[in-house]
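Following: one structure in structure tokens, then a few remarks.
We name chains A, B, ... by the order of the sequence lines, and we start the count at 1 in each one. The structure displayed is predicted, hence computed values, not measured ones.
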Amino acid sequence: MLPFLARRIGSLALSLIAASIVIFLVIEVVPGDPASFMLGLNAAPDTVAALRDSLGLDAPAFVRYWEWITGMFRGEFGTSYTYKVPVGNLIADRVWVSLPLTIYALTLSTLIAFPVGVLAAARRNSPTDVSIMGVTQLGIAVPNFWFAMLLQLVFAGILRWFSAGGFPGWDAGFWAGMKAMTLPAVALALPQASILARVMRSSLLDTLGEDFIRTARAKGLSRRQALWRHAIRNALIPVLTIIGLQFSFLLAGAIIIERIFYFPGMGSLIFQAITQRDLIVVKSAVMLLVFAVILVTFLVDVTYAIADPRLRRARS
Amino acid sequence: MQSHIRTFAIAGVLAVSTALTPAAFAADTEVTLGAQLEPPNLDPTGGAAAAIDEVTYSNVFEGLTRFTSDGSVVPGLAESWEISDDGKVYTFKLREGVKFHDGSDFTAEDVKFSLDRINAEESTNAQKALYADIESVEVVDPSTVKVTLSKPNGSILFNLAWGDAVIVAPETAATNATNPVGTGAFKFDDWVEGDHIDLVKNPDYWGEPAKLEKVTFKFISDPNAAFAAVMAGDVDSFMPFPAPENLAQFEADPRFNVVVGSTEGETILSTNNKQPPFDNPKVREALAHAIDRSAIIDGAMFGYGTPIGTHFAPHNPAYVDLTSQSDYDPEMAKKLLAEAGFADGFTTTLKLPPPSYARRGGEIIAAQLRDVGIETEISNLEWAQWLEQVFKGKDYGLTIVSHTEPMDIGIYARPDYYFQYDSPEFQKIMEDLNNTTDPAKRTELLQAAQKKIADDYVNGYLFQLANTGVVNAKLKGIWPNRPTQANDMTSVYWED
């Protein structure tokens, strides 16, 4: 196990270094100067030069890369060009909104997908199964931004049960925060739930066809007992893989949904920072997301290896 | 298994119903305004972002002079002033009993500090050029300040009304970006970044106190989301509203009033005067006649906007209507192109920034130019790219942009400005204008300037951007016009 872990940690570190170089280089070549963006149409060139100087934009690229990386190790991310507050605080505030949203959406999606997938598998080819398959197909096909706008129109515009968007901040109370997250979470969760339900169903059907299920049935278990006692646990492995992938996807990929609900998460922070050329925020925020995705992949790999020793040997 | 499903279902229903606590209704001394752009910070003296002034101007910060809703300049923190006969010395009498939000007194020292700071070498004030003529600022006594100019500047009172010249206190200047401390009728309260900013009433305000206890600015960049927010009642006012196509729907709803006012935004087809073939005045004249303004206003702005024939706001008393000089006449345009040696037309670039007036207007203009033989290669840029390529790099043939700064015809006197118009004659007019304080003479000079740039067909003059938006029918006192980038909330109130 130890050599395996060492190798995985080594590749984790290499991925992070490679990602940091790519992010830094991409941001270097992005056209658009932060200082001229901030000063607008009437600014004189020497004012722009003064601002560039105070933002530290004129140091050589290698120096800036090194300061960025070492700064991150010390937990210092610099000061945002436009907001003028420490980047670390800015990102932390958004993480406290994006992370709960991701967990909320993932919980919803799992709560919906699990029973639906089991139901479909248990009643294979029945009208229930056929309609579940139809609905989940629709759930995958409909783009989530369209679905988000529909939710907004019905529940905020017509029924007025919810605000059309925004986030009052956790200071406004836990339930106010949860309420503001509900529509975005539902919009994010439904397509994921559709995928997950279908995976759950097919994985369960595969498992139900395995020999050990036949043995269990031969020993006198009913179909339902075999399903609950033996099939579900074994069918969960692919489902957990998908949930792991969805976690990274939701954390990094909620940007369009955040825009529709003008929700102040990581996605909208990055989006706004890019348009304002607040590059110091962009690189650290993107780096953090990359780190989260790589970390989740790493944890999933390690979990597999713990669950299934064959994987460890195969890679040695 | 059935029971398991039921458990899941009940859990789900519980989760949703607990989330459905009834929405709190705002008391009638609170207003929530929708705005498309969130300010990057709250220091109007350190950046050009319009969104900074949209929150702070007149609400949090005040200058020596200030704009009113119709664009005229009235006393602000200066109660009155005297101008020396040579037009070079302005002696401001300051209001007494004014306090900053942190409780400290407003004095002549603060005025000197604020004005000196604009012109300091390391200053990052975006409008520094407007105040370059200020030679020295002298404290006469705690309520009197003498401002000496290096040469007469008839626009200085106007320029001092801009948000970039507000008076700040030395001890809080460095932190105004995140915690603005001004003298205005509202105090900064809270900023949930990415979502909203709260201002609350300043109980110790020197002037007429605000009628509202609290103003919230809520930032909604997506036009569809803005529509949903207005319909849901999340915001009480959205000025300007980003999607003119939705205004008809608001108009039909008795809950809302649609407001149409004026702005300082001259929307122009900016032309690179140094890039061939636009260095030929005949080609620029042809361009002017190839454009059908009313088609652009109807097609891109849903009919909102006033045609202009020069770079000047039609609601200004000194405005001259020169639209007939560049009437839509494609035959004439073709004839002029042939005279200039482009009988077969030519190809140029049309670089468009993000606002819908530019993107939609650009498509229509491209079609109109094609009719007279000018092919355009359209590229859509974001603002930062536009600033880099067009504004700084001057790498463009044509672009569309709305110049929203008030009274900005002076940019035509800057030969290195992005449309690269270099006319000594025009520069002379502007110099004379600066040296003139007599209102009648100033009007005359402003009119000469408008005519000069129209005669030279510097740019294609399209329309004055309208200030269109939606306001709750019971909310009164919102400025219909936009003389500067501001949402002055000091006299806004709810009608019973």
note = Interatomic distance, CG@B/Asp222 vs CD@A/Gln152, rounded to 0.5 Å, equals 8.0 Å
ask   = Picking from A/Ser163, A/Ala50, A/Gly157, which has the most non-hydrogen pairs under 4.5 angstrom with chain B?
value = A/Ser163
query = Under a 4.5 Å heavy-atom cut-off, does chain A meet the side chain of B/Thr178, its backbone, both or neither?
reply = side chain
message = A/Tyr262 vs B/Asp234, test: side-chain contact (heavy atoms from CB on, under 4.5 Å). Steps then yes/no.
response = CA-CA 12 Å; A/Tyr262 46 101; B/Asp234 291 355; 3.4 Å; yes
inquiry  = Shorter than 4.5 Å, heavy atoms on both sides: which option in B/Gly194, B/Pro39, B/Ala226 has the most such pairs with chain A?
reply    = B/Gly194
query = Which of the residues B/Ile220, B/Leu42, B/Asn41 is involved in the greatest number of heavy-atom pairs with chain A at under 4.5 angstrom?
reply = B/Ile220
message = Looking at B/Arg255, I want to see if its CZ is surrounded by more than 12 non-hydrogen atoms of other residues, nucleotides or ligands under 6.0 Å.
response = yes
ask   = Taking everything shown except A/Phe271 itself, do over 12 heavy atoms lie less than 6.0 Å from its CZ?
value = no
Over all atoms of both residues, closest heavy-atom pair of A/Ile274 and B/Glu382 = O-OE1, 4.4 Å
inquiry  = Just so I understand: if I count every heavy-atom pair under 4.5 Å between each of B/Ala132, B/Ala228, B/Pro40, B/Ala177 and chain A, which residue has the most?
reply    = B/Pro40
query = Out of B/Gly233, B/Ala229, B/Pro354, which one racks up the most heavy-atom pairs below 4.5 Å with chain A?
reply = B/Ala229
ask   = With only heavy atoms counted, which part of B/Gln389 is less than 4.5 Å from chain A, the side chain, the backbone, both or neither?
value = neither
message = I need the minimum non-hydrogen distance between B/Ser221 and A/Arg259, along with the two atoms involved.
response = OG-NH1, 3.1 Å
key: Over all atoms of both residues, closest heavy-atom pair of A/Ala156 and B/Ala232   = O-CB, 3.3 Å
task = Check whether B/Asn125 gets within reach of chain A through its side chain, its backbone, both or neither, counting any heavy atom under 4.5 Å.
result = backbone
inquiry  = Once rounded to the nearest 0.5 Å, what's the spacing between atom CG of B/Asn224 and atom CG of A/Leu153?
reply    = 10.0 Å
A/Ser268, part contacting chain B, at a heavy-atom distance under 4.5 Å = neither
query = Highest number of heavy-atom pairs under 4.5 Å with chain B: which of A/Ala176, A/Pro168, A/Ala148, A/Gly265?
reply = A/Pro168
message = Are the side chains of B/Glu388 and A/Arg277 in contact, using a 4.5 Å heavy-atom criterion?
response = no
inquiry  = Has B/Asp195 got a side-chain atom pairing as donor or acceptor with A/Phe167's backbone, closer than 3.5 angstrom?
reply    = yes
Close side-chain approach of B/Glu193 to A/Pro264, heavy-atom, < 4.5 Å = no
